[in-house]
Amino acid sequence: MSTSIIDNIRRAGVVGAGGAGFPTHVKYQARVDLVLANGASCEPLLAGDPHLLAAETDRVLTGLSLAMEAVDASRGLVCLKPKHRAAWEAVSRAAPGYKGVGVFELADFYPAGDEHVLVNEVTGRVVPQGGLPLEVGVVVSNVESLLNVCLAQEGRPVVERLITVCGEVRRPLVARVPIGISLAEVIDLAGGATCQDFVVVLGGPMMGLAVEDLQTPVTKTTSGVIVLPSDHYVVRAKLADPERVRNIARVACCQCNRCTDLCPRNLLGHDLEPHKLMRLLAAQMPVPREAAQKLKLSALLCSECGVCEKYACPMMISPREVNAQLKRELAAQGSRWEGPERSRPASSFLKIRRLPTARLVERLQVAAYDLHPGFDDREAAPERVSIPLRQHLGAPAEAVVRPGQKVKKGDLVGEIPEGALGARVHASLDGLVEKVDGSVVIKRK
């Protein structure tokens with residue numbers, strides 16, 4: 001294990017760029033035999049990862065090699081889909097020049113980029129339910145995280161983010177923008193919205209969050225800014241009142257098994273059976289109290305990928321939202337998964353029940369936006385950025401600057417609290433600190 005690499009990653013504030021933002025310096029304290037560079041780009045519409053693999057090939061592969069050194073891994077594989085031709089060709093050419101690094105061809109299905117699914121696709125191993133890939137000797141890092149690992153060794157902290165801007169905008173694009181820039185300015189960079197009444201989806205259409213406040217800032221984990229009409233199919237489900245979703249699910253569920261049949265985690269052999277949770281919700285499944293509590297705890301195994309909600313359910317209700325609500329309730333109670341690590345082998349239907357990306361794009365009604373736009377190298381130069389002190393899993397960073405203080409791009413503005421899980425936060429432009437609360441607001445000089 002290389003402590004110098006890990007220290008540089010910690011100092012730079014690197015977090016997982018493809019998910020919840022787990023601090024990378026903590027993830028790399030494991031010892032494993034394999035590192036997977038996740039370039040699946042499995043959410044429809046997002047084009048940032050293929051661009052990075054094609055345009056920043058050597059830096060991404062250098063980051064992968066550094067990750068391998070940090071965790072003592074002998075092998076590293078870049079996982080991507082051949083349909084991203086430029087990325088595939090660039091990585092295939094360059095990988096042999098890096099010791100222990102290879103390329104793995106992913107099939108084009110959703111959610112190929114889910115850590116548990118990816119590990120199984122590449123190695124055949126099943127991550128224990130409620131567990132992490134490191135428990136089967138694997139670390140998974142998004143390709144932008146690996147780029148940032150490379151930059152961290154050059155002393156460059158994470159102050160920018162590569163995002164896809166698409167949907168109802170005049171010029172769909174992939175752009176690199178400073179962390180803390182507002183969604184309004186990002187949309188302006190893409191020529192502005194082409195409809196009046198719209199909502200922004202942060203991330204992808206399956207797992208992204210619907211946001212109506214255009215002053216919301218871009219963070220280290222913002223992969224996409226998708227502008228959609230407010231009455232779009234994707235948006236309606238994301239803005240639905242949670243209690244109403246639960247009530248509809250209670251009365252409209254037809255008691256079939258399709259949500260479970262297509263659940264990626266269930267197909268891996270995990271004890272997640274969404275149809276049983278729906279039956280329990282509808283009080284149509286009489287079970288003893290202890291069994292009911294165990295069944296509720298199984299919601300903690302849900303990755304919230306949305307396959308049940310957006311594709312499987314014939315009644316167009318949301319087992320995913322019901323699971324998410326149960327997870328929040330269980331977390332508030334301090335409940336944790338207490339079942340066995342493994343209950344049964346992966347399903348024999350695992351591969352034939354994959355959800356093809358092309359079919360998902362049609363079902364989501366986003367085919368018109370599936371353009372995979374090119375990179376726009378125009379510099380985004382906002383007059384002001386609002387940098388959240390919490391852009392990662394764990395405790396928010398503690399501000400180390402005060403209003404009126406001058407800062408330069410890359411200066412530390414938020415430190416990890418003593419003894420806590422967290423990540424550092426840095427200024428994304430030169431300027432003057434205007435305000436410090438849950439965010440650090442910096443105005444350009």
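If you're wondering where the values come from, they're calculated on a predicted model, not measured in any experiment. Keep in mind that the numbers below use all heavy atoms, side chains included, and drop hydrogens, waters and symmetry copies.
Residues Ala87 and Leu53 share a closest heavy-atom pair of CB-CB, 3.7 Å. Between Val127 and Val136 the shortest heavy-atom distance is CG2-CG2, 4.0 Å. Closest approach of Phe104 and Trp88 over heavy atoms only: O-CZ3, 4.1 Å. Pairing each heavy atom of His25 with each of Ile416, the nearest pair is CE1-CD1, 3.9 Å. Here the closest non-hydrogen pair linking Ala94 and Thr57 is CB-CG2, 3.8 Å. Taking each heavy atom of Ala112 and Val117 in turn, the nearest pair found is CA-CG1, 4.3 Å.
Using the six-membered ring where Trp is involved, His116 and His270 have ring planes that are perpendicular, over 60° apart on the 30 and 60° scheme.
Ring centroid separation for the pair His372 and His51 does not come in under the 6.0 Å cut-off.
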>> Is there a side chain to side chain contact (heavy atoms under 4.5 Å, CB included) between Ser223 and Ile163? Walk through the geometry before answering.
In response: CA-CA 5 Å; Ser223 55; Ile163 58 172; 6.0 Å; no

> side chain to side chain contact (heavy atoms under 4.5 Å, CB included) between Leu277 and Ser298: does it pass, once the steps are laid out?
Replying inline: CA-CA 9 Å; Leu277 284 163; Ser298 70; 3.9 Å; yes

> Where do Leu151 and Arg59 land on the side chain to side chain contact (heavy atoms under 4.5 Å, CB included) test, with the steps shown first?
Replying inline: CA-CA 8 Å; Leu151 296 177; Arg59 276 184 164 150; 3.8 Å; yes

>> Under the criterion side chain to side chain contact (heavy atoms under 4.5 Å, CB included), I'd like the reasoning laid out for Leu228 against Tyr369: C-alpha separation, chi angles, the key distance, then a yes or no.
In response: CA-CA 10 Å; Leu228 294 173; Tyr369 310 128; 3.4 Å; yes

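For the pair Pro264 and Pro111, the minimum side-chain heavy-atom distance is below 4.5 Å. Proximity of Thr62 to Val60: side-chain heavy atoms (C-beta onward) are nowhere separated by under 4.5 Å. Between Leu301 and Trp337 there is a side-chain heavy-atom pair separated by less than 4.5 Å. Residues Asn323 and Met278 fail the side-chain proximity criterion, which asks for heavy atoms closer than 4.5 Å. Contact annotation: the side chain of Leu80 never approaches that of Ser41 to less than 4.5 Å [non-hydrogen atoms, C-beta and beyond]. With contacts defined as side-chain heavy-atom distances shorter than 4.5 Å, the pair Ser145/Asn148 does not qualify. In this structure, Val15 and Phe22 have side chains that are not in contact, with every pair of non-hydrogen atoms separated by 4.5 Å or more. A 4.5 Å side-chain heavy-atom check between Leu364 and Leu360 finds at least one atom pair inside the cut-off.
Remark: side-chain polar atoms of Gln129 are paired, donor with acceptor, to backbone N or O of Asp271 under 3.5 angstrom. Thr219 contributes a side-chain N or O that, together with a main-chain N or O of Thr221, makes up a donor-acceptor pair within less than 3.5 Å. A donor-acceptor distance shorter than 3.5 angstrom exists from the side chain of Lys220 to the backbone of Gly13, with no hydrogens or angles considered. Ser335 places no side-chain N or O within donor-acceptor distance of the main-chain N or O of Ala331, the cut-off being under 3.5 Å. Checking side-chain atoms of Ser386 against main-chain N and O of Pro217 turns up no donor-acceptor pair under 3.5 Å. No donor-acceptor pair under 3.5 Å is formed between the side chain of Glu362 and the backbone N or O of Ala358. Side-chain atoms of Glu89 do not come within 3.5 Å of backbone N or O of Ala86 as any donor-acceptor pair. Remark: side-chain polar atoms of Arg378 are not paired, donor with acceptor, to backbone N or O of Ala175 under 3.5 angstrom. Counting only distance, with no hydrogens or angles, the side chain of Gln405 and the backbone of Arg402 share a donor-acceptor pair below 3.5 Å. Checked by atom type and distance alone, the side chain of Glu415 never pairs as donor or acceptor with a backbone atom of Glu398 at under 3.5 Å.
How far CG of Leu66 is from OH of Tyr28: 9.0 Å, rounded to the nearest 0.5 Å. Between atom SG of residue Cys42 and atom CG of residue Asp49 there is a gap of 9.5 Å, rounded to the nearest 0.5 Å. Residue Thr24 holds its OG1 atom at 11.5 Å from NE2 of His392, rounded to the nearest 0.5 Å. Note that the CG atom of Leu64 and the OG atom of Ser141 stand 8.5 Å from one another [nearest 0.5 Å]. Considering CZ of Arg265 and CG of Leu272, their distance stands at 8.5 Å, rounded to 0.5 Å. Remark: Leu118 CG to Leu77 CG distance equals 9.5 Å, nearest 0.5 Å.
More than 12 non-hydrogen atoms from other residues, nucleotides or ligands lie less than 6.0 angstrom from CZ of Arg171. At most 12 non-hydrogen atoms from other residues, nucleotides or ligands lie less than 6.0 angstrom from CD of Glu379. Around NZ of Lys83, the count of heavy atoms belonging to other residues, nucleotides or ligands within 6.0 Å exceeds 12.
A donor-acceptor contact under 3.5 angstrom links the side chains of Arg11 and Asn8, judged on distance only. A side-chain donor from one of Asn247 and Arg250 sits under 3.5 Å from a side-chain acceptor of the other. Between the side chains of Asp108 and Thr357, at least one donor-acceptor pair of N or O atoms lies under 3.5 Å.
In summary, Lys409 and Asp411 do not engage in a salt bridge, as defined by a charged side-chain N under 4.0 Å from a carboxylate O. Checked for salt-bridge contact, Lys408 and Asp430 miss the test: no charged N lies under 4.0 Å from a carboxylate O. We find that Glu434 and Arg384 are joined by a salt bridge, their nearest charged nitrogen and carboxylate oxygen being less than 4.0 Å apart. Between Glu121 and Lys81 there is no salt bridge, since no side-chain N of the basic residue sits under 4.0 Å from a carboxylate O of the acidic one. Using a cut-off of 4.0 Å between Lys/Arg side-chain N and Asp/Glu carboxylate O, Lys327 and Glu304 are scored as salt-bridged.
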Donor-acceptor pairs under 3.5 Å, side chain of residues 183-211 to any protein atom, not counting sequence neighbours: which ones?
unit_1 : atom_1 : unit_2 : atom_2 : d
Glu185 : OE1    : Ser182 : N      : 3.4
Glu185 : OE1    : Ser182 : OG     : 3.0
Thr194 : OG1    : Glu168 : O      : 3.3
Thr194 : OG1    : Glu168 : OE1    : 2.5
Asp197 : OD1    : Ser230 : OG     : 3.3
Asp197 : OD2    : Ser230 : OG     : 2.7

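Screening Pro319, Cys308, Pro314, Pro274 against Arg258 for a side-chain contact (heavy atoms from CB on, under 4.5 Å) leaves a single residue, Pro314. Here the rule is salt bridge (charged side-chain N to carboxylate O under 4.0 Å, His left out) with Glu321, and of Arg328, Arg246, Lys238 only Arg328 fits it.
Every side chain to side chain contact (heavy atoms under 4.5 Å, CB included) that Pro356 has, sequence neighbours left out, goes to Arg359.
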